[in-house]
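Below you'll find the structure, written out as structure tokens, and then a few comments.
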Amino acid sequence: MKDLRELTVAELTEVTASDAPAPGGGSISALAGALSAALAGMVANLSQGPKYLDVKTEMAQIAEEADRLRLRLLEAMQEDTASFSLYMAALSMPKNTEEEKAARQAAMQDGLKAAALTPLRVAESIVPVFDMVETVISRGNPNAVTDALVAAMMARSGLLGALFNVKVNLASIRDETFVAETGKRLRELEQAALDGEKRAFSHSVFAEHL
């Protein structure tokens, strides 16, 4: 499959809507995170004019970090599709002998772990967007506050969407230690998403709409 980052918006939505198993929710969650970072960066860039000299350096740093995060999450969009392919490849392995069955089962478990860890890293990558949004709303250009709030909502959706993919893979993983440790981190990230969006809205006149 062509690198998802090279597709037009129309092409990406078309391949997502097709009967192909990927890209799916994981890749789209990473894209949502990339868009949230892009919006946070936009508001920071709009907060560097003469009116914002006291926060110019801070906003420039946010814009730079947001752009790095945007690119990282676009990479993750492709990585999610690739990690899912590992599991699909394991399913097609031969299972005629006990040895082949054992090898296939081990490969499937490895594929499931990869398919869980990739969206977990996506979720972790999105978390910093909430701090960026909180800063640009409280100290940035007030004319772009709604753009920042959309960034917060996209970040929440992308983060929670990524964690759905972690959960569905954990359900089939037999390594109890891996499941327990990953599950603990998952719950922490879920709370970070809910708290982050709430914090962002608390700095705006739209707080009552959350």
Side-chain angles (χ1 to χ4, degrees), residues 1 3-5 16 20-37 65 68-134 152-200:
M1 178 183 291
D3 191 324
L4 298 178
R5 293 170 295 181
T16 302
S27 293
I28 298 307
S29 293
L31 175 59
L35 291 171
S36 73
E65 177 58 27
R68 282 197 296 267
L69 188 54
R70 174 183 66 83
L71 295 174
R72 171 69 195 97
L73 286 163
L74 287 178
E75 289 178 1
M77 181 173 66
Q78 183 67 23
E79 290 168 3
D80 186 85
T81 296
S83 67
F84 179 75
S85 298
L86 292 175
Y87 177 71
M88 296 302 292
L91 287 178
S92 65
M93 291 174 65
K95 50 181 178 178
N96 300 313
T97 66
E98 291 304 315
E99 290 78 9
E100 287 178 345
K101 290 178 181 178
R104 179 176 179 270
Q105 191 60 238
M108 288 171 59
Q109 287 295 303
D110 288 342
L112 286 167
K113 286 182 178 180
L117 289 175
T118 297
L120 187 74
R121 287 192 289 268
V122 168
E124 290 175 333
S125 295
I126 295 173
V127 171
V129 173
F130 295 111
D131 287 338
M132 296 178 191
V133 170
E134 189 175 4
M153 291 187 292
M154 292 292 286
R156 176 184 181 274
S157 295
L159 199 161
L160 293 180
L163 293 181
F164 286 150
N165 284 270
V166 179
K167 288 180 179 181
V168 73
N169 288 297
L170 285 183
S172 299
I173 293 174
R174 298 176 179 177
D175 184 336
E176 294 181 0
T177 300
F178 179 90
V179 171
E181 292 177 351
T182 307
K184 180 176 182 294
R185 182 57 178 148
L186 183 153
R187 290 186 291 275
E188 292 170 348
L189 290 167
E190 280 183 327
Q191 195 59 52
L194 300 176
D195 292 345
E197 185 187 42
K198 188 172 295 185
R199 286 201 323 272

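Applying the salt bridge (charged side-chain N to carboxylate O under 4.0 Å, His left out) test to Arg72 and every residue at least two apart in sequence or in another chain returns Glu75, Glu79.
Between Ala155 and Ile126, the shortest heavy-atom distance links the atoms O-CG2, 3.5 Å. Contact record, Gly196 with Phe130: C-CD2, 3.4 Å, taken as the closest heavy-atom pair. Closest of all the heavy-atom pairs between Ala34 and Leu73 is N-CD1, 3.6 Å. Looking at every heavy atom in both residues, Ser83 comes nearest to Ala114 through CB-O, 3.9 Å. Scanning both residues, Ala76 and Ala30, for their nearest heavy atoms gives C-CB, 4.1 Å. Counting all heavy atoms, side chain and backbone alike, Thr16 lies closest to Pro23 at OG1-CG, 3.7 Å.
Here the rule is side chain to side chain contact (heavy atoms under 4.5 Å, CB included) with Met108, and of Leu86, Ile173, Leu91 only Leu91 fits it.
Rounding to the nearest 0.5 Å places CZ of Arg5 at 9.0 Å from CG of Leu71. With rounding to the nearest 0.5 angstrom, the NZ atom of Lys167 is 11.0 Å from the CG atom of Asn165. To the nearest 0.5 Å, atom CG of residue Leu117 and atom CG of residue Leu170 are 8.5 Å apart. With rounding to the nearest 0.5 angstrom, the CG atom of Leu4 is 9.0 Å from the CG atom of Leu31. Taken to the nearest 0.5 Å, the CG atom of Leu160 stands 6.0 Å off from the CG atom of Leu194. Arg70 contributes atom CZ, which lies 9.5 Å from atom CG of Leu35 (distance to the nearest 0.5 angstrom).
Taking 4.0 Å as the cut-off between side-chain N and carboxylate O, Glu100 and Arg104 do not count as a salt-bridged pair. Between Glu98 and Lys101 there is a salt bridge, with a side-chain nitrogen of the basic residue lying less than 4.0 Å from a carboxylate oxygen of the acidic one. Classification of Glu124 and Arg121 as a salt-bridged pair fails, no side-chain N sitting under 4.0 Å from a carboxylate O. Using a 4.0 Å cut-off between a side-chain N of Lys or Arg and a carboxylate O of Asp or Glu, Glu190 and Arg187 do not qualify as a salt bridge.
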Do Thr118 and Val166 pass the side chain to side chain contact (heavy atoms under 4.5 Å, CB included) test, and can you show the C-alpha distance, the side-chain angles, and the key distance before you say yes or no?
CA-CA 8 Å; Thr118 297; Val166 179; over 6 Å; no

Show the numbers, then the answer: is there a side chain to side chain contact (heavy atoms under 4.5 Å, CB included) between Lys184 and Glu181?
CA-CA 5 Å; Lys184 180 176 182 294; Glu181 292 177 351; 5.9 Å; no

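Side-chain atoms of Asn169 come within 3.5 Å of backbone atoms of Ala115 as a donor-acceptor pair (strictly under, hydrogens ignored).
Between Leu163 and Leu189 there is a side-chain heavy-atom pair separated by less than 4.5 Å.
Within 6.0 Å of the CZ atom in Phe178, the count of heavy atoms belonging to other residues, nucleotides or ligands exceeds 12.
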